[in-house]
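Right, one structure below, let's go through it.
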Amino acid sequence: MKKSLITNTHGFTSETLRKEERAISDAFFRQRVTVVRLILEGFSTVKAAEVLGICRQSVSTYVKMFNRGGIAELLQRDFPPGKQPYLSPEEQMEVKKVILESTPEQEGIEPSQSWDTRLLQKWIELHKTRPMSNPSGYMASERRTEADSNIRSSRSGDFIRNRRYANRRHILYNGRFL
């Protein structure tokens, strides 16, 4: 197996990396610096992975990151962008203001003195032009309702009206097992 090598120390020694480790409060980043320090001290990739309880591929990845960009790249963590918020920052502030300054009853939603997510959704749908609920989910439930009317029980032949029985193995659809 090929040994991981630190090709560019970026001015760091084993002692300076140890000081850097102590200064880092985040355990995830501290572990990355520890990997580089262990490799710099002569540990093999497999031995460093055993000592830290991580896989050897992670050790190799951290060493490559350090060689490429030094400690700055080692301590950088990019997160995927994730889903965009439904409300803009201005709309979020407006919702926050409504929650803090009024009740659902004062807003004409429902006779209640405290907000919950269901009431907030109603308020947002009343005050915004786009609905919060997913129309595709509504249509999918409508399709299930139509399918339920065709599903029969193999025991009695009666129509099943309760959806929780629709997934059982003894259910027939048009006379055939599903």
Side-chain angles (χ1 to χ4, degrees), residues 1-104 107 112-141 144 163-164 167 169:
M1 170 181 256
K2 188 176 175 183
K3 187 175 178 180
S4 292
L5 294 173
I6 304 290
T7 57
N8 185 353
T9 61
H10 300 280
F12 287 98
T13 63
S14 180
E15 292 78 28
T16 56
L17 283 173
R18 189 179 299 274
K19 288 178 185 176
E20 225 20 80
E21 282 178 60
R22 290 183 186 135
I24 298 171
S25 61
D26 188 348
F28 177 78
F29 292 124
R30 188 176 331 118
Q31 185 179 55
R32 288 181 172 193
V33 175
T34 304
V35 164
V36 172
R37 181 181 55 80
L38 291 175
I39 296 297
L40 199 60
E41 290 175 354
F43 282 74
S44 70
T45 305
V46 174
K47 189 63 178 169
E50 283 178 16
V51 167
L52 295 171
I54 60 176
C55 66
R56 64 177 177 76
Q57 290 88 351
S58 295
V59 172
S60 297
T61 301
Y62 299 155
V63 169
K64 286 176 189 174
M65 289 170 67
F66 183 77
N67 285 336
R68 189 173 48 238
I71 197 99
E73 184 161 337
L74 201 59
L75 299 180
Q76 180 181 349
R77 188 174 190 183
D78 294 329
F79 291 102
K83 187 177 178 183
Q84 294 296 321
Y86 175 77
L87 300 174
S88 69
E90 296 81 23
E91 291 170 330
Q92 290 176 17
M93 291 303 294
E94 184 181 351
V95 169
K96 185 176 179 180
K97 182 180 175 186
V98 166
I99 291 171
L100 293 174
E101 296 178 359
S102 67
T103 64
E107 293 292 325
S112 176
Q113 293 300 311
S114 60
W115 290 97
D116 62 17
T117 54
R118 181 182 53 84
L119 295 173
L120 281 174
Q121 182 177 355
K122 280 185 182 179
W123 185 87
I124 291 169
E125 286 178 345
L126 285 173
H127 290 83
K128 304 301 168 205
T129 57
R130 56 194 188 278
M132 280 189 75
S133 49
N134 184 2
S136 63
Y138 174 77
M139 296 305 290
S141 66
R144 274 196 305 268
R163 285 192 192 131
R164 71 186 157 127
N167 291 328
R169 294 267 184 215

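Computation of the quantities below employed the complete heavy-atom set of this structure, encompassing side-chain atoms and omitting hydrogens, waters and symmetry-equivalent molecules. Just so it is clear, the structure is predicted and the values come from calculations on it, not from any experiment.
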(message) Checking Glu94 against Glu90 for the side chain to side chain contact (heavy atoms under 4.5 Å, CB included) test, could you report, in this order, the C-alpha distance in whole Å, the side-chain angles of both residues, the deciding distance, and whether it holds?
(response) CA-CA 6 Å; Glu94 184 181 351; Glu90 296 81 23; over 6 Å; no
(request) Please round to the nearest 0.5 Å and tell me the distance separating atom CD of Glu107 and atom CD of Glu101. (result) 10.0 Å
(message) Tell me which one of Val33, Val63, Leu17, Leu52 satisfies side-chain contact (heavy atoms from CB on, under 4.5 Å) with Leu38.
(response) Leu52
(message) I need the Ile6 CD1 to Leu40 CG distance, nearest 0.5 Å.
(response) 6.0 Å
(request) Could you check Phe66 against His10 for side chain to side chain contact (heavy atoms under 4.5 Å, CB included), going step by step and ending with a plain yes or no? (result) CA-CA 9 Å; Phe66 183 77; His10 300 280; 4.1 Å; yes
(request) Determine the sole option in Leu119, Leu120, Asp116 for which the side-chain contact (heavy atoms from CB on, under 4.5 Å) test with Pro104 is passed. (result) Leu119
(message) Looking at Ser102, is its backbone amide N or carbonyl O close enough to the side chain of Trp115 to form a donor-acceptor pair, meaning the two atoms are under 3.5 Å apart?
(response) yes
(request) Supply the atom-to-atom distance Met65 CE to Gln76 CD, rounded to the nearest 0.5 angstrom. (result) 7.5 Å
(message) If only side-chain N and O atoms count, and only distance matters, is there a donor-acceptor pair under 3.5 Å linking Ser4 with Thr45?
(response) yes
(message) In the structure I gave you, are the side-chain heavy atoms of Phe29 and Arg77 within less than 4.5 Å of one another anywhere?
(response) yes
(message) Using 0.5 Å steps for rounding, measure from the OG1 atom of Thr13 to the CD atom of Glu41.
(response) 10.0 Å
(message) Please check: side-chain N/O of Arg30 versus main-chain N/O of Ile24, any donor-acceptor pairing under 3.5 Å?
(response) yes
(request) Starting at NZ of Lys64, measure out to OG1 of Thr7 and round the result to the nearest 0.5 Å. (result) 11.5 Å
(message) For Tyr62 and Ile39: C-alpha separation, side-chain torsions, deciding distance, then whether side chain to side chain contact (heavy atoms under 4.5 Å, CB included) applies.
(response) CA-CA 10 Å; Tyr62 299 155; Ile39 296 297; over 6 Å; no
(message) Just to verify, which of Glu20, Arg18, Glu21 counts as forming a side chain to side chain donor-acceptor pair (under 3.5 Å) with Thr34?
(response) Glu21
(message) With salt bridge (charged side-chain N to carboxylate O under 4.0 Å, His left out) as the rule and sequence neighbours excluded, what pairs involving residues 7-16 come up?
(response) none
(request) Return the minimal non-hydrogen interatomic distance between Lys47 and Phe43, and the atom names on each side. (result) CG-CD2, 3.6 Å
